[in-house]
Amino acid sequence: MPKKSLKAAFNAACDHFFDLAKEWETARSVPWRAVDDAHQAVLTARDRLQGTQLSADEWDDVIQDIIVVSNTHERLKPISP
């Protein structure tokens, strides 16, 4: 898959995660499993980027996005009993 398509898929996965995370945080209108699955989709999209020739700036953007996604996921994760 071309680099541009993989980057677009990564960005779409991040956007989807943030949409679900916002719904979860504000109204609990989506199940946690959907948020968790979206988080996993971001990580999978990141893994697919590993073989591409992204510039240093593009990788910096990916890393920053992963940090924000992971921090948001951890902050919102329900506490297990």
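Applying the salt bridge (Lys or Arg N to Asp or Glu O under 4.0 Å) test to Asp60 and every residue at least two apart in sequence or in another chain returns nothing. Remark: Arg28 pairs with no residue by the salt bridge (Lys or Arg N to Asp or Glu O under 4.0 Å) rule, at least two apart or across chains. Asp65 is linked by a side-chain hydrogen bond (donor to acceptor under 3.5 Å, both in side chains) to nothing, counting only residues two or more places apart in sequence or in another chain. The side-chain hydrogen bond (donor to acceptor under 3.5 Å, both in side chains) test applied to Asp61 returns no partner, not counting sequence neighbours. Residues satisfying the side-chain hydrogen bond (donor to acceptor under 3.5 Å, both in side chains) test with Gln53, not counting sequence neighbours, are none. With sequence neighbours left out, the side-chain hydrogen bond (donor to acceptor under 3.5 Å, both in side chains) criterion links Ser55 to Glu58.
No side-chain heavy atom of Trp32 sits under 4.5 Å from any side-chain heavy atom of Asp37. Contact annotation: the side chain of Glu25 never approaches that of Thr72 to less than 4.5 Å [non-hydrogen atoms, C-beta and beyond].
Formation of a donor-acceptor pair under 3.5 Å by the Thr52 side chain with backbone atoms of Leu49 is found in this model.
Identified under the ring pair (Phe, Tyr, Trp, His ring centres under 6.0 Å) test for residues 50-72, with sequence neighbours left out: none.
Shown here for Arg48 and Leu6, the closest heavy-atom pair between the two residues is O-CD1, 3.7 Å.
Cluster annotation: Val68 is connected to Val62 through the hydrophobic network of ILVMFWY side chains, with a link wherever side-chain heavy atoms come within less than 4.5 Å.
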Solution key, residues 15-24 side-chain donor-acceptor pairs under 3.5 Å, sequence neighbours excluded:
{"residue": "Glu23", "atom": "OE1", "partner": "Ser29", "partner atom": "OG", "Å": "2.6"}
{"residue": "Trp24", "atom": "NE1", "partner": "Leu76", "partner atom": "O", "Å": "3.4"}

Compile the donor-acceptor pairs under 3.5 Å between side chains in residues 39-47 and protein atoms, sequence neighbours left out, one pair per line.
{"residue": "Thr44", "atom": "OG1", "partner": "Gln40", "partner atom": "O", "Å": "3.0"}

